Protein chains: 2
Amino acid sequence: MTAPERISKRNAIRQEMEARILSAAEKVFAEAGFGGATMQLIADMAGLPKANLHYYFATKEELYRKVVRQIFEIWLHAADSFDNAPGPVEGIGAYIDAKMDISRRHPFGSKVWASEVMHGAPVIQDYLETTLREWTSGRAALIQRWIDEGKMAPIDPRHLLYMLWATTQHYADFGHQIETLNGGRALSDRQWKAAKDSVKAIILKGIGAI
Amino acid sequence: MTAPERISKRNAIRQEMEARILSAAEKVFAEAGFGGATMQLIADMAGLPKANLHYYFATKEELYRKVVRQIFEIWLHAADSFDNAPGPVEGIGAYIDAKMDISRRHPFGSKVWASEVMHGAPVIQDYLETTLREWTSGRAALIQRWIDEGKMAPIDPRHLLYMLWATTQHYADFGHQIETLNGGRALSDRQWKAAKDSVKAIILKGIGAI
DNA sequence: TCGTTTTCTGACCGTATGGTCAAGATCACG
DNA sequence: CGTGATCTTGACCATACGGTCAGAAAACGA
């Protein structure tokens with residue numbers, strides 16, 4: 001694919017810089033939205049002058065686009081757990097686990113994605129229409145197969161997928177609300193496990209897989 | 001409660017103006033976020049000069065606050081269907097129906113709320129800590145009672161509530177994504193009904209209520 | 001070491017935004 | 001009809017923002 005880049009101090013610096021900027025940008029975009037985020041704030045959080053930030057990412061939109069695609073890639077990868085599963089209990093169970101873990105580990109990315117979609121997906125509409133559409137069709141077909149094989153109740157696969165996305169991402173996107181209702185404290189390890197188990201229990205039982 | 005306002009041309013104009021502005025603001029805030037929304041755009045959409053908009057709502061934040069509280073009130077009202085229900089099938093079923101209807105009827109308000117919470121609820125944090133916290137505790141207790149009475153499986157009531165919120169609001173907040181995956185067309189009456197039925201079927205069965 | 005390329009940075013610029021203001025238009029009411 | 005209150009509006013202002021640029025500093029390859 002890409003030519004194997006020479007290892008040099010320059011390349012190392014570049015990689016580390018881009019990662020630091022992307023991380024800062026993810027956080028700022030998540031907390032302020034695209035419109036509310038400022039290049040100055042991102043630069044400050046990444047610890048470099050604004051002009052230097054513009055050297056690595058020419059425009060705000062280019063930086064934003066990179067951030068959005070990053071979380072999308074992570075989610076696509078998480079769906080691997082879906083495949084090669086003998087049935088819904090393993091496949092959907094593993095998918096819920098994976099998506100819940102991502103919600104905990106990448107709450108900012110999830111929020112940026114949510115914000116992007118809510119605003120009409122101006123930047124990643126093409127992804128929705130190609131990659132996501134194909135992905136969804138494929139998994140819907142897989143779920144339908146499970147239904148045909150009698151491994152779960154006859155449920156519209158698409159609405160099930162929406163439910164999986166909604167429920168798992170809610171713990172990232174509405175994390176602040178959940179935290180507030182949890183007495184102002186972030187969910188503990190134990191509570192995250194309880195959340196995962198609740199979600200899995202209700203959905204797997206709800207689709208007649210257990 | 002409030003003193004019965006005299007009916008005059010002025011009062012009528014004021015009410016109609018405020019409603020028109022709030023409606024326009026809801027849409028603009030939903031589509032651009034608080035930071036991306038401009039008073040000029042809201043004014044244009046409401047059909048009046050920007051200076052006149054500032055006459056009715058002194059600051060952007062004041063206008064935004066009104067919009068956020070509006071959707072919150074609507075949701076609180078929808079929860080009435082929860083009460084006075086003999087059991088989870090009726091109570092939760094009616095709640096899902098109500099919230100799904102709101103998602104269809106007020107998608108902009110839902111998005112504004114989601115955006116607000118995602119950004120750390122800077123404007124309605126007090127609501128979260130008072131009204132919402134009380135509301136949640138009350139419903140959680142009600143669900144627990146149903147569990148104790150053997151009307152449903154023993155599930156953490158809070159995670160069930162999160163699931164209800166997540167799933168129903170997803171159809172508003174991620175409506176654009178759903179529309180794209182639906183071939184670019186908004187969900188039809190029939191499809192909305194299918195969505196409602198799917199959600200209700202999975203959750204009610206998942207909690208062992210049916 | 002020397003010339004070239006890449007990286008860094010303070011100063012700067014045009015524009016758009018939230019908000020103000022003063023003067024005019026419209027309405028309420030005695 | 002006249003007077004005060006409410007409403008409307010174009011012009012205006014200070015600020016903050018995204019983005020530019022010229023030149024300094026550092027890294028590279030020979």
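Fair warning: this is a prediction, and the values are worked out from it, not measured in the lab. Labels below follow one simple rule: chain letters A, B, ... track the order of the sequence lines, proteins then strands, and each chain is numbered from 1.
For residues 22-39 of chain B, there are no side-chain hydrogen bond (donor to acceptor under 3.5 Å, both in side chains) pairs, not counting sequence neighbours.
Between the CG atom of B:Asp44 and the C1' atom of D:dT9 there is a distance of 14 Å, given to the nearest Å. Rounded to whole angstrom, the span from the CG atom of A:Leu63 across to the P atom of D:dG19 amounts to 10 Å. Atom pair B:Glu18:CD and D:dT6:C1' shows a separation of 13 Å (rounding to whole Å applied). Here C:dG19 presents its C1' atom at 14 Å from CD of B:Glu61, a figure rounded to the nearest Å. To the nearest angstrom, P of C:dC13 lies 21 Å from CE of A:Met39. Whole-Å rounding puts the A:Gln15 CD to C:dT7 C1' distance at 16 Å. Put simply, CD1 on A:Ile42 is 10 Å from P on D:dG19, counting in whole angstrom units. Here D:dA22 presents its C1' atom at 17 Å from NE2 of A:His54, a figure rounded to the nearest Å.
Side-chain contact of A:Ser110 with A:Asp173: a donor-acceptor pair under 3.5 Å is present, judged by distance alone. Inspection of the A:Gln125 and B:His176 side chains reveals an N or O donor paired with an N or O acceptor under 3.5 Å.
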Check nucleotides 8-12 of chain C for protein N or O atoms closer than 3.5 Å to its own N or O atoms and list the pairs.
unit_1 : atom_1 : unit_2  : atom_2 : d
C:dC8  : OP2    : A:Tyr56 : OH     : 2.4

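A perpendicular orientation is assigned to the rings of A:Trp75 and A:Trp113, their planes being inclined by more than 60° (bins at 30° and 60°). Classification of the B:Tyr162-B:Trp165 ring pair by plane angle, with boundaries at 30° and 60°, yields tilted.
Contact annotation for B:Ala37: backbone-only contact, meaning every heavy-atom pair under 4.0 Å involves sugar-phosphate atoms and none involves a base.
B:Arg139 contributes a side-chain N or O that, together with a main-chain N or O of B:Ala79, makes up a donor-acceptor pair within less than 3.5 Å.
A sub-4.0 Å separation between OP1 or OP2 of D:dT6 and a side-chain N or O of B:Arg14 is absent.
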